[in-house]
Amino acid sequence: MASTDHPLRILLIASEVEGLVKTGGLADVARALPETLARLGHEVIVVTPAYGRIKSLWQSWPAPPLCVHLNSFSETWMASRRGRQHGLDLVLLEHEGFFGRAGIYDDGEYPYSDNPVRFAHLCKGALQWCIDHQWQPDIVHANDWQAALTPFYLKEHYRKLPIFERTRSLLTLHNAAYQGQAPSHWLQPLGIHDQFFHPGAFEDNGQLNLLKGGLRFSDAINAVSPGYASELVTDLGGHGLAPIFRDRSKDLHGILNGCDYGQWSPVTDPLIPAQYSKPDEGGKANCKKHLQLELGLAPEPDTPLMVCISRLADQKGFQLLIPALWEVMRDENVQVAILGSGDRNTAAHLHRLNQHFDKRFAFVEGYDMALSHRIEAAGDAFLMPSIFEPCGLNQIYSLCYGTLPLVRAVGGLKDTVVPLNTQLRNSRSATGFMFEEPTAEALEAEIRRMLKVYREKPALWLSMQRNAMKQRFEWEGAAEQYVSLYRSMLSSD
Ligand code: ADP
């Protein structure tokens, strides 16, 4: 049993890490959390694939061979490349056939059909690395479906190994809508015995569901916000897995992500045209003017500018946003700037809005990190009408930039934004606007209410901006909560 101040050994397994390879919020956490844990004095190793697209990073690192057996008759030789990058102690698992290809999860259109076996090698390879190097982890911290087999292998394949005798496993959910579903013929290649193919473990309507199995076998589970954790146990918010979340509710926690203020602060941001520490000192207005000119919007300082940066995916609520914007744009003098990539149909709808409203609407299709900073700094309000939101980062960035978030009351959005109440009486604490029902009408009504406050109550708007810019979601706090959770796992049987 660990004493309360003994530094922990943590093996963190994730399929993407910011600064190496990133497709979403998982990557941000897989970098910031281990970095912070290490700063707090813990020993953390991050295991991720040695993707071909980052070969220049790892090709000079030593490459001891690593032999992985997913079942009793298969054998795969990989290499484990260990090195340091961004302050992280990394083990990159190399296998040309699995990880040398151009995509991470898909070929640009379809997921790779052998994803189960690719990521099973990440999970088992990470544990094998511990065995080969006699590195005894206190905690194996698996992330999302790609790492979800790790708790299973730990409990079922390596149960009797002394090295893992004290080890506990945590599975973190960054987005439980992605579950690693696959045909059941993968059971045997992955070393999952038939006895575990039932609805209480890996089976999901006749299919294999890797995330579900991970939820069954991990010692504890956490979601990336308390709000999302509480929704996962409901039929509406459980992504089809509510029964297993309810079953494991005693071990299900919510820990809100932190924000990397080193990259996201208007006071120091080198990517914005004018830095600022107060919403009304001129810098923010300057950023707005720059963006209006850059995107071909009329350079009107007093016209409210609503912005959005997002994956174009159903999760993000574009089915509400697009009809609401058609209505609002018709009779309100307001500007909109949207940056996004993803679903083609959503993009086509946004291009149509763009054409119709010309100097008042700008849609930039693509992924552009630098532009996303300029948009955050320029906007008056940030629109985030998500259907579900495990944590969400952009509303947190928006707070820091004094760009008031208008969000749906869901998941991490509910945990991070304090809505202005209907009597407009909480001006000292309110940081944004919120609506409940996932309908275009509810969103439209809240946008109109927000625009009225912007026009008619400038002092209230300014005080909300000040409140917003004071909010802090530091990684230190989040990492300390993870440490408490790890310790509670180690002290229970
Ligand atoms: P999710 O992980 O569900 O996509 P989050 O809000 O948690 O949503 O994180 C999204 C991250 O990706 C943010 O940092 C956001 O700024 C960034 N992002 C999303 N789309 C784009 C884009 N088109 N261009 C630049 N950055 C983007």
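Just follow the structure's listing: the first ligand is 1, and inside any ligand the first atom is 1. Sequence positions, counted from 1, serve as the residue numbers for this chain. As the structure is a prediction and not an experimental result, all values here were calculated from the model. Reckoned from all heavy atoms, side chains included, excluding hydrogens, waters and symmetry mates.
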Looking only at protein heavy atoms, which one is nearest to [atom], and what is the separation?
| atom | value |
| --- | --- |
| atom 23 (N) of ligand 1 | Gly366 O, 2.8 Å |
| atom 27 (C) of ligand 1 | Tyr367 CE1, 3.3 Å |
| atom 10 (C) of ligand 1 | Asn394 OD1, 4.1 Å |
| atom 24 (N) of ligand 1 | Asp368 N, 3.0 Å |
| atom 8 (O) of ligand 1 | Lys316 NZ, 3.0 Å |
| atom 4 (O) of ligand 1 | Arg311 NE, 2.7 Å |
| atom 6 (O) of ligand 1 | Leu393 N, 2.9 Å |

Hey, does Gly392 sit under 4.0 Å from ligand 1 if you only count heavy atoms? yes
Report yes if [X] has an N/O atom closer than 3.5 Å to an N/O atom of ligand 1; otherwise report no.
| X | answer |
| --- | --- |
| Gly25 | yes |
| Trp264 | no |
| Met384 | no |

Check this for me: His290, atom NE2, are more than 12 non-hydrogen atoms of other residues, nucleotides or ligands nearer than 6.0 Å?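 Count not over threshold, so no.
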Could you check whether atom CD of Glu437 has more than 12 heavy atoms from other residues, nucleotides or ligands sitting under 6.0 Å from it?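 Open: at most 12 neighbouring heavy atoms sit under 6.0 Å from CD of Glu437.
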Work out which heavy atom in Ala50 is nearest to a heavy atom in Phe99; give both atom names and the distance. O-CB, 3.8 Å
May I ask you to test the Gln319-Asp314 pair for a side-chain heavy-atom distance under 4.5 Å?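 When only atoms from C-beta onward are counted, Asp314 and Gln319 do touch, with a gap below 4.5 Å.
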Is the shortest heavy-atom distance from the side chain of Trp186 to the side chain of Asp114 under 4.5 Å?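 When only atoms from C-beta onward are counted, Asp114 and Trp186 do touch, with a gap below 4.5 Å.
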Is it true that Glu376 and Ser398 share a donor-acceptor pair across their side chains at a distance under 3.5 Å?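 Ser398 vs Glu376: donor-acceptor pair found between side chains.
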Show me, pair by pair, the donor-acceptor contacts under 3.5 angstrom made by side chains of residues 231-244, not counting sequence neighbours?
| unit_1 | atom_1 | unit_2 | atom_2 | d |
| --- | --- | --- | --- | --- |
| Glu231 | OE1 | Gly411 | N | 3.4 |
| Glu231 | OE2 | Gly411 | N | 2.7 |
| Thr234 | OG1 | Glu231 | O | 2.6 |
| Thr234 | OG1 | Gly237 | N | 2.9 |
| Asp235 | OD1 | Arg246 | NH1 | 3.2 |
| Asp235 | OD1 | Arg246 | NH2 | 3.1 |
| His239 | NE2 | Tyr228 | OH | 2.7 |

The answer for which part of Ser310 has a heavy atom under 4.0 Å from ligand 1 is backbone
Would Phe202 and Phe152 count as a ring pair (Phe, Tyr, Trp, His ring centres under 6.0 Å) here? Give the steps. CA-CA 10 Å; Phe202 281 100; Phe152 167 73; 5.1 Å; yes
